[in-house]
Amino acid sequence: MMKNQLPEELMAGSSESPYGICTVVFSENKIYTLAFCEYEIFEKEYKNYFSGICLKTDNELSDKIIYSIFYEKREFEIELIGTEFQKNVWHELMKIPAGKTSTYKEIAININKPEAVRAVGNAVGANPVSFLVPCHRVLRSDGAMGGYRWGLAVKRLLLDVENIKL
DNA sequence: ATAAAGGCCACCC
DNA sequence: GGGTGGCCTTTAT
């Protein structure tokens, strides 16, 4: 994992979303992480990802940002930190419009590594900005739902809200 | 350096 | 439906 471009200090906090409690990490103008779990869990899962970075918890600001994202649908800039391969995959995810789906295989083809389907699965799973980088829109080639970092119930709900039938 | 583990896929039965 | 081998990247020994 690459962690060079990270600033020295970021803000973080948890709040309720329509899909359950979630945690954000953000700076003045960018989102670094959006995870569907409470802060304590997040801290453990991402302690490596943010190692050496001071995360200042600010729940009031986090509330506002999470509200903005899910209810006001405000657009935020996103800062994606990862390997080149991962960023390629994540950029592909952002091309999938709401209400549409893709497959792990299709993404592998689009990034010009048609054999790397399994690696794509890993990269999709490592997406640090859930929801805004719509990793939930990726299904298996056979139509099955595949997995979801934060539990299949959340993935199902996200798809359902976008009117995506399985 | 090497091994092991994946949010998979294609193929077989 | 279920099992198996192959593929490629990342992470952990």
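Nothing here was measured: the structure is a model prediction, and the numbers come from that model.
Across all strands, Y148(A) comes closer than 4.0 Å to base atoms (heavy-atom distances).
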Please walk me through it: do F76(A) and F26(A) pass ring pair (Phe, Tyr, Trp, His ring centres under 6.0 Å)? CA-CA 10 Å; F76(A) 285 87; F26(A) 55 98; 8.8 Å; no
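Atom CG of D142(A) is separated from atom C1' of dG3(C) by 14 Å (rounded to the nearest Å). Taking atom CH2 of residue W90(A) and atom P of nucleotide dG7(B), one finds them 14 Å apart after rounding to whole Å. Across the protein-nucleic acid pair, F85(A) atom CZ and dC8(C) atom P stand 10 Å apart, rounded to whole Å. The separation between M145(A) atom CE and dG7(B) atom P is 14 Å, rounded to whole Å. In this structure, E84(A) atom CD and dT10(C) atom C1' are separated by 15 Å, rounded to whole Å. The distance from atom CD1 of I109(A) to atom P of dC9(B) is 10 Å, rounded to the nearest whole Å. For Y49(A) and dT11(C), the OH to C1' distance is 15 Å, given to the nearest whole Å. Taking atom CG of N48(A) as the reference point, atom P of dT13(C) lies 11 Å away to the nearest angstrom.
Expressed to the nearest 0.5 Å, how far OG of S17(A) lies from CD1 of I66(A) amounts to 7.5 Å. In this structure, the separation between CG on L139(A) and NE2 on H136(A) is 10.0 Å, given to the nearest 0.5 Å.
K56(A) places no side-chain N or O within donor-acceptor distance of the main-chain N or O of E9(A), the cut-off being under 3.5 Å.
In this structure, R118(A) does not reach the dG6(B) phosphate: none of its side-chain N or O atoms is under 4.0 Å from OP1 or OP2. For dC8(B), neither phosphate oxygen OP1 nor OP2 lies less than 4.0 angstrom from any side-chain nitrogen or oxygen of S141(A).
Each of dT10(C), dG7(B), dT9(C) was ranked by its minimum atom distance to the side chain of A119(A); first place goes to dT9(C). When the nucleotides dC8(C), dG7(B), dT9(C) are ranked by their closest atom to the side chain of E115(A), dC8(C) comes out on top.
Near DNA chain B, meaning a heavy atom under 4.0 Å from it, residues 95-106 of chain A has Y104(A), K105(A) in order of number.
Ring geometry for Y19(A) against F131(A) counts as tilted: the plane angle lies between 30° and 60°, on a 0 to 90° scale. In this structure, Y49(A) and Y46(A) have perpendicular ring planes: the angle between them is above 60°, well past the 30° mark.
Mapping L139(A) and N122(A) onto DNA chain B by nearest heavy atom places N122(A) at the nucleotide closer to the 5' end. Judged by closest nucleotide on DNA chain C, V117(A) is the one of K113(A) and V117(A) placed further toward the 5' end.
The environment of E28(A) atom CD is sparse: at most 12 non-hydrogen atoms of other residues, nucleotides or ligands sit within 6.0 angstrom.
Using modelled atom types and a 3.5 Å distance limit, the side chains of S14(A) and T23(A) yield a donor-acceptor pair.
Transitive grouping of hydrophobic side chains (ILVMFWY, heavy atoms separated by less than 4.5 Å) keeps L157(A) and I21(A) in distinct clusters.
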Which dot-bracket string describes DNA chain C (Watson-Crick N1-N3 plus N6-O4 or O6-N4, or G-U N1-O2 and O6-N3, all under 3.5 Å; [ ] crossing; | other strand)? ||||||.||||||
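For Y32(A) and F50(A), the distance between ring centers is not under 6.0 angstrom.
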